[in-house]
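Step one of this worksheet: look at the structure below.
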Number of protein chains: 2
Amino acid sequence: METVQLSRKEQIVLASAKLFREKGFEAASMRDIARALGIEAASLYSHIKSKDELLEIICFRMADRLLKAIDEVNDIYFNAEEKLRMAISNHVKIVTDDLDASSVFLREWRHLKPEKLKEFIPLRNKYEDGFTHILVNGENENVFEAADKKFAVLTILSAVNWITEWYQPNGSKSPGEIAGHLSDFILTGLKVKTPA
Amino acid sequence: METVQLSRKEQIVLASAKLFREKGFEAASMRDIARALGIEAASLYSHIKSKDELLEIICFRMADRLLKAIDEVNDIYFNAEEKLRMAISNHVKIVTDDLDASSVFLREWRHLKPEKLKEFIPLRNKYEDGFTHILVNGENENVFEAADKKFAVLTILSAVNWITEWYQPNGSKSPGEIAGHLSDFILTGLKVKTPA
DNA sequence: CCTACCGATCGGTAGG
DNA sequence: CCTACCGATCGGTAGG
């Protein structure tokens, strides 16, 4: 029966993620965020430095979560297919677990200040590299074939990221089921496997 | 040696697409657009009604192009695999042909006025339906299998749409090659087809 | 296409 | 956490 008490700062981050997602970073105002919390805009600045800080917290937090997950998958021993299924499953779970933050992470990162962008982009690249590593594993094991691995990784990530655009928490599929379907699709494609 | 003379309005639309893509619809100002054309912001209003009109032109024009393409594919007789390859190829070509407008169409449509959003969303759905139709065809021909067709369509569209995020006109792959690779990937997936 | 300008709203600060 | 406020900038209009 214990309700976790979020710090005021954490409440502000949560409210801003929701509004950044709904209206976009630029269109959502500090006054909107304050209103959502029932306080005045000026009061926000006792807890945060700037509007930019909110975007930074959201984007870098999501990046950290995803990177930790992919590193874990690559550290623990699995064969390549298991690794890929785990990586996709982790990604889907992280993203569906916080749709507001994920959407902002995926859509609004462009509005990070140039200096923060310079930190952010390498994190995204590192995440991509984690997937590339799995594909290389798979090729060595003779279970995957992908002529252009970078291309394959971008395609896989596009599919897992697009989930934020249509996923509904009360929909018919659980995150685990979505991840399973997606993995099957990525592994074997659309064509019938047993000739008709 | 003939240079096509664009109307001033068309120049404004082009400049706004570039800026909406770079900065986002809200962050790009009418003064930015005017500066790009070497005129004053107030002068823009001799050619357009409002900033919103610019976004509407960009979004609905892209929607029209894509819808025409998918209708054409479904009208002309092809088998399902050819249809899918053609639909993907058309999509990639339309999107890479105008990356500014495509990016705005894919990212900034949320900022359309509510009344325009109500027109826009059905167009996106109609486009999705065009792809669903191809998958149904394929199932009837016993060449495709997709337990959840809506899911498969969303995955396919995510892959073709993500192209705007990384495609570079001077890159190593032509739009046709990208479409070919993508179609192969979607049709057969990552797994090796001939057992090792 | 320009000058001159409008009211509204923005992110943020001072000072309590 | 609030009141009171700042300079800057926004989309857009009037009138030529």
Side-chain angles (χ1 to χ4, degrees), chain A residues 5-60 100 104 107-117 120, chain B residues 5-60 100 104 107-117 120:
Chain A
Q5 180 72 354
L6 292 175
S7 72
R8 203 56 163 153
K9 181 164 184 176
E10 218 38 57
Q11 293 176 26
I12 294 170
V13 171
L14 236 62
S16 70
K18 180 158 182 264
L19 283 156
F20 291 166
R21 179 189 184 193
E22 280 170 12
K23 307 180 117 191
F25 174 71
E26 298 280 348
S29 72
M30 295 308 276
R31 282 154 181 88
D32 289 332
I33 297 169
R35 195 180 312 119
L37 296 165
I39 61 177
E40 292 300 318
S43 306
L44 294 170
Y45 292 91
S46 323
H47 302 98
I48 55 152
K49 286 206 312 282
S50 64
K51 190 184 182 187
D52 293 311
E53 192 196 355
L54 290 171
L55 182 61
E56 291 158 16
I57 292 173
I58 295 166
C59 289
F60 283 92
D100 292 334
V104 173
R107 265 191 241 145
E108 305 296 328
W109 59 272
R110 282 166 245 271
H111 298 285
L112 288 167
K113 295 269 157 197
E115 13 140 7
K116 292 292 170 181
L117 251 185
F120 182 77
Chain B
Q5 181 71 355
L6 291 175
S7 73
R8 203 55 163 154
K9 180 164 184 176
E10 218 38 57
Q11 292 175 28
I12 294 170
V13 172
L14 235 61
S16 70
K18 182 160 181 263
L19 283 156
F20 291 167
R21 179 190 183 192
E22 280 170 10
K23 308 180 119 193
F25 175 70
E26 297 281 348
S29 72
M30 295 307 276
R31 282 154 181 88
D32 289 332
I33 298 169
R35 194 179 314 120
L37 296 166
I39 60 177
E40 292 299 319
S43 305
L44 295 169
Y45 292 90
S46 324
H47 302 97
I48 55 151
K49 285 206 310 283
S50 65
K51 191 184 180 187
D52 293 309
E53 191 197 354
L54 290 170
L55 182 61
E56 290 158 16
I57 291 173
I58 295 166
C59 289
F60 283 92
D100 292 334
V104 173
R107 266 191 240 146
E108 306 296 328
W109 59 270
R110 283 164 243 271
H111 298 283
L112 288 167
K113 295 268 157 197
E115 13 139 8
K116 293 292 170 178
L117 251 186
F120 182 77

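These numbers come from a predicted model, not from an experiment. In what follows, chains are A, B, ... by sequence order, proteins preceding strands, each numbered from 1.
Atom CD in A:Glu40 sits about 15 Å away from atom P in D:dC5, given to the nearest Å. Taking atom CD on B:Glu26 and atom P on D:dT9, their separation rounds to 17 Å, with Å as the unit. C:dG11 atom C1' lies 9 Å from atom CG of A:Asp52, rounded to whole Å. A:Tyr45 has its OH atom 19 Å from the C1' atom of C:dG16, to the nearest Å. To the nearest angstrom, C1' of C:dG11 lies 16 Å from NE2 of A:His111. D:dA8 atom P lies 14 Å from atom CZ of B:Arg31, rounded to whole Å. Atom CZ in A:Phe20 sits roughly 13 Å away from atom P in C:dC10 (whole-Å rounding). Put simply, CG on B:Leu44 is 9 Å from P on C:dC1, counting in whole angstrom units.
Heavy atoms of B:Ala28 sit under 4.0 angstrom from primed sugar atoms or phosphate atoms, though from no base atom. B:Ala27 comes within 4.0 angstrom of no nucleic acid atom, judged by non-hydrogen atoms across all strands.
When distances are taken from the side chain of B:Ser43 to each of C:dT3, C:dT13, C:dC1, the shortest belongs to C:dC1. Which of C:dC2, D:dT13, D:dT3 sits closest to the side chain of B:Ala42 comes down to D:dT13. Checking D:dG12, C:dT13, C:dC1 against every side-chain atom of B:Lys51, the shortest atom distance belongs to D:dG12.
When the side-chain nitrogen and oxygen atoms of B:Arg8 are compared with OP1 and OP2 of C:dC1, one or more of them lie within a distance under 4.0 Å. For B:Ser46 and C:dC1, the shortest distance from a side-chain N or O to OP1 or OP2 is not below 4.0 Å.
Because its NZ or CZ atom is not both nearer than 6.0 Å to the ring centre of A:Phe120 and within 45° of the ring axis, A:Lys113 does not count as a cation-pi partner of that residue.
A heavy-atom distance below 4.5 Å is not found between the side chains of A:Val13 and A:Ile48. Using a 4.5 Å heavy-atom cutoff, the side chains of B:Glu53 and B:Ile12 are not in contact. Within the 4.5 Å cutoff, the side chain of A:Arg107 has heavy atoms near those of the B:Arg110 side chain.
In this structure D:dT13 sits in a base pair with C:dA4, meeting the Watson-Crick or G-U test at under 3.5 Å.
Other residues, nucleotides and ligands contribute more than 12 heavy atoms inside 6.0 Å of the NZ atom of B:Lys51.
For the pair A:Asp32 and A:Lys49, nearest-nucleotide mapping onto DNA chain C gives the more 5' position to A:Asp32.
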